[in-house]
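Input: a single structure, listed below in structure tokens.
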Protein chains: 2
Amino acid sequence: METGDETRFDRGDETPERLKGQLSRLVGMTAAQLRRVAGDALGAVGARKDHFVVLATLAEFGSASQAALSDRTRIYKSDLVAVLNDLADGGWVRRAPDPVDRRRNVVTLTDSGERRLAELDRVLADVNERVMAPLDHDERRQLFALLGRVNAHLDTPPGRPGHA
Amino acid sequence: METGDETRFDRGDETPERLKGQLSRLVGMTAAQLRRVAGDALGAVGARKDHFVVLATLAEFGSASQAALSDRTRIYKSDLVAVLNDLADGGWVRRAPDPVDRRRNVVTLTDSGERRLAELDRVLADVNERVMAPLDHDERRQLFALLGRVNAHLDTPPGRPGHA
DNA sequence: CTGTTGCGTTAGTGGTACTAACGATATACG
DNA sequence: CGTATATCGTTAGTACCACTAACGCAACAG
């Protein structure tokens with residue numbers, strides 16, 4: 001092989017200049033690849049990631065209105081409609097008008113919804129395992145902790161200094 | 001109920017169930033916020049992130065064809081067209097046919113392109129600083145290293161064990 | 001009854017990742 | 001030479017994701 005070919009990343013002594021120093025780029029690239037891997041895995045069983053998010057939220061917090069689901073999942077209420085349509089079509093959730101406030105729909109996880117959640121959970125756990133393969137247990141914990149802190153910090157830009 | 005409203009994340013002793021264990025979700029949320037912050041900052045000076053990526057690549061590796069740029073930046077050649085149009089409109093790059101192979105364009109950084117790069121570099125360094133504010137120097141290094149390893153691992157899914 | 005607010009829905013925007021095809025040029029082979 | 005094939009830049013289009021705007025409806029406060 002000629003030398004000039006595989007320069008890619010390891011320039012070694014030369015300062016990596018601008019590109020590598022940007023956390024946004026590194027996180028962005030990682031996220032894109034993660035999204036792809038997870039999306040493919042979910043797509044293989046006819047699901048999307050928001051399906052998992054909604055099912056998991058229903059399982060953890062119980063039945064809820066769409067507005068509450070939107071708050072808890074960070075899925076915009078406008079996008080939630082299609083997700084719930086999918087889930088209702090699959091029989092994984094029921095969407096019924098709330099008798100006490102007829103503006104609301106009460107979304108409820110069905111039995112087959114719980115099974116669906118377990119299935120998607122397995123799929124994603126598998127993806128997670130593949131993705132984090134190069135890291136040992138401690139390193140995984142560190143990565144989660146560091147990302148979690150950055151994430152929490154980005155979540156509260158103004159005001160809200162602590163939980164006062 | 002006691003706390004009622006602000007249950008959000010800190011359930012504490014209860015296992016975080018499914019949602020928090022997914023690296024894809026944590027990385028995805030962080031990436032989304034980063035993209036937003038960086039995108040806003042760049043947008044404030046009329047740029048996009050790919051502008052920075054291309055300018056930085058030209059500065060580091062020198063003039064190149066669009067195909068070479070596409071390889072180095074991971075920007076699809078189809079998307080690169082618009083980016084280079086923007087950059088050429090701003091006078092930051094020149095795009096001239098290659099005399100030795102007239103299929104190619106040679107893309108060259110101009111002087112004002114170097115200045116533009118410095119400007120965007122400042123903007124992004126600022127973003128980077130804001131984003132990583134909660135982490136000290138060592139933690140930043142750790143985060144980069146861990147993400148870098150995951151990222152590198154995702155980059156080489158099949159075969160290619162080493163540079164054999 | 002009237003204005004306001006919250007709810008679910010529809011529609012649309014803009015950015016990002018990705019594929020397909022095409023005209024033009026370059027290269028390889030017979 | 002000629003013809004097949006590959007590469008280059010470009011156009012167009014797909015799909016997903018994050019996000020906004022507006023609308024009809026129900027609830028509620030006055």
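Naming convention: chains lettered A, B, ... in sequence-line order (proteins, then strands); numbering from 1 in each chain.
Salt bridge Glu119(A)/Arg116(A): present, at least one basic N to carboxylate O contact under 4.0 Å. Arg72(A) and Glu60(A) are not joined by a salt bridge, as no carboxylate oxygen comes within less than 4.0 angstrom of a charged side-chain nitrogen. The existence of a salt bridge linking Arg115(B) and Asp111(B) is excluded, since no basic side-chain nitrogen approaches an acidic carboxylate oxygen closer than 4.0 Å. With respect to Asp126(A) and Arg122(A), no salt bridge is recorded, no charged nitrogen being found less than 4.0 Å from a carboxylate O.
Applying the salt bridge (Lys or Arg N to Asp or Glu O under 4.0 Å) definition to pairs two or more places apart or across chains, none involves residues 76-90 of chain A.
When the P atom of dA15(D) is taken as reference, atom CG of Asp86(A) falls 15 Å away, rounded to whole Å. The CZ atom of Phe52(A) sits 19 Å away from the C1' atom of dC16(D) (whole-angstrom rounding). The distance from atom CG of Leu84(B) to atom C1' of dC8(D) is 13 Å, rounded to the nearest whole Å. Between Ile75(A) atom CD1 and dT20(D) atom C1' the separation is 17 Å, expressed in whole Å. Whole-Å rounding puts the Gln33(B) CD to dC17(D) P distance at 17 Å. In this structure, His51(A) places its NE2 atom 10 Å from P of dC16(D), rounding to the nearest Å. Spacing between atom CG of Leu80(A) and atom P of dT20(D) amounts to 16 Å, rounded to whole angstrom units.
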Letter by letter from the 5' end, nucleotides 13-26 of chain C scores (B base, S sugar-phosphate only, - none; protein heavy atoms under 4.0 Å) --S-BBB-----BS

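Residues Phe144(A) and Leu135(A) are members of one and the same hydrophobic cluster, defined by side-chain heavy-atom contacts under 4.5 angstrom among Ile, Leu, Val, Met, Phe, Trp and Tyr. Taken together through direct or relayed side-chain contacts under 4.5 Å among Ile, Leu, Val, Met, Phe, Trp and Tyr, Val45(A) and Leu124(A) form part of one hydrophobic cluster.
Phosphate contact (OP1/OP2 of dT9(C), side-chain N/O of Asn85(A), threshold under 4.0 Å): absent. Proximity of Gln66(A) to the phosphate of dT9(C): a side-chain N or O atom is located under 4.0 Å from OP1 or OP2.
The shortest side-chain heavy-atom distance between Leu109(A) and Trp92(A) does not fall under the 4.5 Å cut-off.
A distance of 11.5 Å separates CZ in Arg95(A) from OG1 in Thr108(A), rounded to the nearest 0.5 Å.
Axis orientation changes by 10° from one end of the helix from dC1(C)-dG30(D) to dG30(C)-dC1(D) to the other, with each end axis drawn from 5 pairs and the value rounded to 10°.
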